[in-house]
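What follows is a set of notes on a single structure, which appears directly below.
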Amino acid sequence: MISLDGISKRFGTFDALRNIDLEVRDDEFLALLGPSGSGKTTLLRIIAGLAFPDAGRVSFNGEDVTDLKVADRKVGFVFQHYALFRHMSVADNVGFGLSVRPRRQRPRKPEIRARARDLLELVQLGGLEDRYPAQLSGGQRQRVALARALAVEPQLLLLDEPFGALDAKVRKELRRWLRQLHEQMKLTSIFVTHDQEEALELADRVVVMNDGAIEQIGPPEDIYMAPRSSFVSGFVGDTNSLPVTVADGVPRFHDRPIAVDAAGVAEGSARLDFRPHDIALDGDQAGSLPMIVTGAYRTGGNWRVEGTVSGLSRVIEIDLATDRPPPEPGQRLALRITRGRLFPDEKARP
Amino acid sequence: MPAKFTRKPRKGRKSIIPGFGLTMGFTLAWLSLIVLIPLSTVFIRAAGMGLEEFLEVGFSPRAIAAYQVSFGTAFAAALVNAVFGMIVAWVIVRYEFPGKRIFDALIDLPFALPTAVAGIALTAIYAGNGWIGQFLEPLGIRVAYNPIGITIALIFIGLPFIVRSVEPVLADLSSEVEEAALSLGATPRQVFTRVILPTLLPALLTGFALALARGVGEYGSVIFIAGNMPFESEIAPLLILTQLEQYDYAGATAMAVVMLLVSFAMLLFINLVQAWSRRRVGA
């Protein structure tokens with residue numbers, strides 16, 4: 001188990017991380033998700049021992065490793081831009097971690113080579129041992145980087161935006177494959193991403209970070225369905241957000257009452273967030289939101305319809321079933337919000 | 001892969017940048033006019049001598065001593081520059097410090113400074129009564145007027161070649177690569193010897209070859225500090241000039257041919273080694 005206790009880090013006057021507490025369970029696949037500048041990569045580097053916190057402790061299985069350097073922590077680190085050794089063959093890259101061991105613990109050359117071959121087989125790159133990194137595609141290079149990190153049998157695997165430099169199709173393939181590999185190996189892994197889809201698809205638990213702090217930790221389903229703040233609901237998945245005022249238990253958007261349960265929400269200004277699919281068009285005028293359609297396009301099995309609401313500068317997006325033709329531009333729709341979430345007003349919105 | 005890229009365009013096949021024929025022709029004409037024709041006169045003159053005479057004057061004991069001084073000091077200076085030039089390049093690429101731009105410009109100064117000025121300045125400093133020489137002399141270290149002085153002059157002349165060759169490659173080598181090596185358990189020393197140095201090797205060889213070539217041919221800065229004692233601190237270019245002044249054209253030509261051939265063989269060898277290591281790096 002990895003635990004972080006009160007981790008803080010400053011770069012000059014910028015607070016990169018403020019008082020982070022986090023526990024990572026054994027064999028877990030954890031995602032650190034957040035926009036750039038949220039501190040997620042800094043946190044990963046601190047766990048790795050590539051950076052050191054100004055305050056707080058890092059411990060692995062109860063052992064304090066805060067002051068240990070990366071070489072002594074037994075972690076595997078995979079970089080966004082692969083960071084392969086370009087003057088070495090693929091097999092030498094993978095075997096590097098074994099070949100730099102002190103003489104007594106170092107396996108013999110044929111053993112290192114055999115181990116590299118096995119690992120390349122594992123990452124589905126069998127037969128490419130003698131190629132050089134320059135001769136491989138981006139996806140293949142990242143697999144080599146992964147095999148190289150696994151060669152030293154780390155107790156923890158850390159991946160910094162592992163798919164960030166790859167194109168969409170390769171990324172999706174590699175993602176599915178990595179998930180399978182994790183299930184097969186049962187190795188505690190933490191990966192950093194700014195892609196919410198990636199985090200939701202891969203991780204057992206997602207840590208949403210913003211501005212150097214943790215916003216929410218939970219399984220992907222919870223993060224998507226029960227976001228705890230307007231930031232999380234806006235960052236994870238598509239969300240429409242209305243500024244409302246709650247009075248007498250009723251949220252109002254420019255004096256128009258909206259039929260959403262406001263139980264337990266403090267009076268005053270608030271944010272009403274709802275997902276594009278959390279609406280219905282059943283013609284009930286009371287408590288609905290009038291929208292004027294500006295356009296529509298297909299997203300897989302739905303029409304994604306865009307429109308404006310008077311008094312709101314941002315475009316509203318809703319999803320409608322494709323069993324009917326999409327509404328024409330200029331058409332008025334009355335949206336009933338079937339599942340809305342109210343959050344106390346925050347100034348910082350993405 | 002790189003081997004494929006260097007293949008010349010075939011006839012009839014369209015290449016994106018036109019004018020291979022024109023530019024190749026121009027290159028050959030230019031190379032002939034500037035390099036081959038002047039150098040060929042040396043060979044033509046040498047051919048006028050019999051082989052016996054050529055060997056006698058081209059490899060006279062004094063000439064052999066001069067070759068040894070020239071190539072030996074140039075080699076030593078290039079070697080010293082390879083080490084310290086790399087450190088200088090490292091500092092320029094990896095660190096930010098006040099005055100970095102000035103520091104950067106200073107490195108190129110040996111390119112621009114008249115070499116005689118450098119020679120006189122170095123002599124003034126390292127001579128027995130100079131700023132640095134006066135402290136070295138009591139320790140029994142004589143720098144000026146012997147091969148050590150020549151080496152120092154050549155180190156001065158050759159520094160920018162190494163720094164400017166290594167700099168771009170070092171800038172291209174991301175610190176992530178070093179971190180990757182560290183995370184795999186390598187010691188800082190192993191990171192240097194197994195990761196950084198092999199990556200820099202082709203560029204280092206280029207710089208080394210350039211510094212060596214420059215050192216072998218250097219004349220202006222060396223003659224002031226060398227002392228020019230035959231058999232001890234007389235460089236081959238100076239001996240050639242001396243022979244010319246004594247109307248010994250045969251001797252001068254024979255030595256010129258020997259120096260040309262040795263220099264060409266050395267540069268060719270270094271270029272081949274470099275091509276081999278570059279192919280491995282895939283750059």
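Proteins come first, then strands; the chains are lettered A, B, ... in the order of their sequence lines, and each starts at number 1.
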Review point. Which bit of A:Ser99 comes within less than 4.5 Å of chain B, counting heavy atoms only: side chain, backbone, both or neither?
Key: both

Check your understanding: Using non-hydrogen atoms and a limit below 4.5 Å, what part of residues 140-155 of chain A faces chain B?
Key -> A:Arg148, A:Ala149, A:Val152

Review point. Measuring from B:Glu179:CD to A:Asp160:CG, what's the distance to the nearest 0.5 Å?
Key: 9.5 Å

Check your understanding: Should the heavy atoms of other residues, nucleotides or ligands under 6.0 Å from CZ of B:Phe75 be counted, would the total exceed 12?
Key -> no

Check your understanding: For B:Ile34, does the CD1 atom have more than 12 heavy-atom neighbours from other residues, nucleotides or ligands under 6.0 Å away?
Key -> yes

Check your understanding: What distance do A:Arg101 atom CZ and B:Gln190 atom CD have between them, rounded to the nearest 0.5 Å?
Key -> 12.0 Å

Revision key, fill the gap. Bottom line for A:Leu84: the part with an atom under 4.5 Å from chain B's heavy atoms is backbone

Practice item. Using a heavy-atom cutoff of under 4.5 Å, enumerate the residues of residues 105-127 of chain A that contact chain B, numbered in order, or state 'none'. Key: none

Point to revise | Any donor-acceptor pair under 3.5 Å from A:His87 side chain to B:Arg194 backbone | key: yes

**Study point:** Residues of residues 48-81 of chain A with any heavy atom under 4.5 Å of a heavy atom in chain B
**Key:** A:Leu50, A:Val70, A:Ala71, A:Val75, A:Phe77, A:Phe79, A:His81

Check your understanding: So what's closer than 4.5 Å to chain B heavy atoms on A:Arg45: side chain, backbone, both or neither?
Key -> side chain

Point to revise | Sequence neighbours excluded - ring pair (Phe, Tyr, Trp, His ring centres under 6.0 Å) pairs with any residue from residues 151-182 of chain B | key: B:Phe111-B:Phe161

Practice item. Please look at B:Ser174 and chain A and tell me whether the side chain, the backbone, both or neither of the residue comes under 4.5 angstrom of a heavy atom of that chain. Key: neither

